[in-house]
Amino acid sequence: MSSLVHLEHISMAYGRGASSVRAIEEVSLDIAKGEFIAVVGPSGCGKSSLMKLISGLHPPLSGTLTIEGKPVKGPLKSVGMAFQNSNLLPWRNALENVLLPLEIVEPHRSRIRSEKKQYREKAIKLLESVGLAGFAEKHPWELSGGMQQRTSICRALIHEPEILMLDEPFGALDAFTREELWCALRDLQAARKVTVMLVTHDLREAVFLADTVYVMSNRPGRILKRCEVNIPRPRDLEVTYTQQFQDIVHELRHLIGRGGEGAH
Amino acid sequence: MDHREFVIKVVSPAVFTISIFVFWELVCRFFKIPLTILPSASEVFGALWQYRAPILDNSFVTLWTTLAGFAIATVFGLLLGIAVGWHQAIYAGIYPVLVGFNSIPKVAVVPVLILWFGIGEVPAVMTAFLISFFPIVVNVATGLATTEPELEDVLRALGASKLDIMRKVGIPRSLPYFFGSLKVAITLAFVGTVVSETVGANKGIGKLMLDAQSAFQVPIVFAGLLVLAFLGIVLYAMTALIEQRFTGWAFRGQANR
């Protein structure tokens with residue numbers, strides 16, 4: 001597998017001078033094309049900063065960051081993002097929400113008017129592939145939380161980005177809906193071979209979905225461990241009850257541990 | 001509209017309004033209040049009918065000057081609001097002056113306007129404009145400022161320019177704030193026009209009331225007040241209707257029932 005994203009000794013800080021806050025320190029990692037990575041760690045450890053960094057929204061303080069061999073200087077356009085909050089526009093229906101990136105990214109931007117029909121069909125197909133057939137005309141408030149999140153992920157994928165970045169996308173959902181969406185995301189990734197970076201603090205989620213899990217330390221975030229999940233794909237939800245799965249989750253939990261069990 | 005809704009939305013306000021007039025009439029008759037202090041409701045309605053031609057004529061002037069001032073305020077307020085919400089530096093630069101200007105009682109500005117534009121409709125239009133643009137600016141700027149940073153990230157990661165983000169997200173998002181502010185602005189514009197007319201004008205309800213007052217035609221003064229209240233309701237209802245029409249998504253709670 002060739003390396004798509006390459007980070008070498010990357011540090012990043014918010015603010016300047018004495019008041020600056022180190023968010024990430026000396027992070028090196030590689031993401032291969034088509035790989036599914038998950039980044040886990042205690043809250044405030046710079047997981048989201050790592051995302052901002054790779055998508056080109058925030059420059060690194062030091063170190064090298066390249067994507068497809070080219071240094072990153074600004075927003076990438078080949079990135080799709082979704083967050084814990086679905087952030088759908090309430091005045092647009094699901095379909096129009098999904099179409100939003102196409103109104104911004106070239107070459108779709110200049111084509112969307114003349115080829116509206118094709119684009120709409122494409123968006124409807126995408127919505128159908130995550131189980132939202134027949135909901136295209138619904139407005140966000142008519143959709144459940146899980147459906148909104150599915151729509152949000154479709155919006156992140158519609159322009160066929162190289163990298164899909166998900167920042168705790170299922171954090172606000174109930175346990176059953178969350179597992180349902182894991183499977184939806186699993187199938188989506190398998191079908192499109194898109195590279196995914198998932199930021200989460202749900203270890204089961206990370207192990208179930210990812211090829212590689214990175215554990216980050218407290219702020220400033222460093223990578224404590226790189227853990228390859230050698231569970232064959234496609235994975236079924238049943239996998240989460242196997243010993244192998246539990247062992248991996250346990251191991252990761254110990255690395256983050258301290259915080260939860262606290263002073264003993 | 002079912003029976004219950006009809007009672008709440010039509011019967012209840014109508015009963016309340018009529019009882020106020022009845023109460024007014026009874027108080028005037030019972031205490032034998034002189035005509036020059038407080039004419040009874042029936043006398044006011046009588047005057048309204050008797051002088052309907054000049055009242056209609058002057059109402060029309062008040063109405064169009066209010067609407068003209070309001071229209072200018074809407075365009076100007078929207079543009080300035082977008083400018084203020086566009087960038088922190090513009091916001092910081094303009095805001096103190098804006099607040100300072102808004103604190104000046106607009107009655108104090110009318111003489112200056114008359115000095116510049118002469119007695120006529122222009123000072124009324126200008127006063128209506130000056131008094132009503134402020135809430136529009138503040139509301140539009142607030143709407144723009146409340147765009148979710150995450151959504152902005154989503155779009156910026158796609159290479160969206162500031163203008164793109166404004167067009168696709170910022171401006172639509174601030175529309176409910178904008179239309180909400182129109183309800184406030186229209187009432188203020190109306191106040192502005194009437195204030196200006198009572199300071200110096202040759203037409204308008206304000207001027208009519210002023211003339212009636214100096215001639216001790218008290219029923220006409222009160223008839224003027226009634227007309228003002230009525231016009232105020234109509235203007236308010238108009239903007240409220242526009243608001244619902246254009247930003248239905250912000251009222252989904254009601255629309256969904």
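Heavy atoms only: backbone and side chains are in, while hydrogens, waters and symmetry mates are out. Values in this document were obtained by computation on a predicted structure and should not be read as measured data. Here is how names work: the chains are called A, B, and so on, in the same order as the sequence lines, proteins then strands, and each is numbered from 1.
For the atom pair CG of B:Leu151 and CG of A:Asn85, the computed distance is 9.0 Å after rounding to the nearest 0.5 Å. Taking CD1 of A:Ile158 as the start and CG of B:Leu158 as the end, the distance is 12.0 Å to the nearest 0.5 Å. Atoms CG and CZ, from B:Asp153 and A:Phe83 in turn, are 5.0 Å apart once rounded to the nearest 0.5 Å. To the nearest 0.5 Å, the span separating CD on B:Glu150 from CE on A:Met81 amounts to 9.0 Å.
Counting non-hydrogen atoms of other residues, nucleotides and ligands closer than 6.0 Å to NE2 of A:His201 gives a total of 12 or fewer. Shown here is B:Phe60, whose CZ atom has no more than 12 heavy atoms of other residues, nucleotides or ligands within 6.0 Å. Summarising the local packing, CZ of B:Phe230 is surrounded by 12 or fewer heavy atoms from other residues, nucleotides or ligands at distances under 6.0 Å. For A:Lys138, the NZ atom counts as loosely surrounded, since its 6.0 Å shell holds 12 or fewer non-hydrogen atoms of other residues, nucleotides or ligands. Within a 6.0 Å sphere centred on NZ of A:Lys125, other residues, nucleotides and ligands contribute 12 heavy atoms or fewer.
Of the listed residues A:Met165, A:Arg109, A:Gln84, the one with more heavy-atom pairs under 4.5 angstrom with chain B than any other is A:Arg109. Taking A:Ile104, A:Val79, A:Leu89, A:Asp167 one by one and counting their heavy-atom pairs under 4.5 Å with chain B, the maximum is reached by A:Ile104.
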- Apply the test side-chain contact (heavy atoms from CB on, under 4.5 Å) to residues B:Arg156 and A:Lys52: give CA-CA distance (whole Å), side-chain angles for both, the deciding distance (0.1 Å), then the verdict. CA-CA 11 Å; B:Arg156 273 177 52 219; A:Lys52 276 197 171 181; over 6 Å; no

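Annotation for B:Ala157 and A:Leu57: closest pair N-CD2, 3.8 Å, computed over non-hydrogen atoms.
Contact annotation for A:Leu88: neither backbone nor side-chain heavy atoms come within less than 4.5 Å of a heavy atom of chain B.
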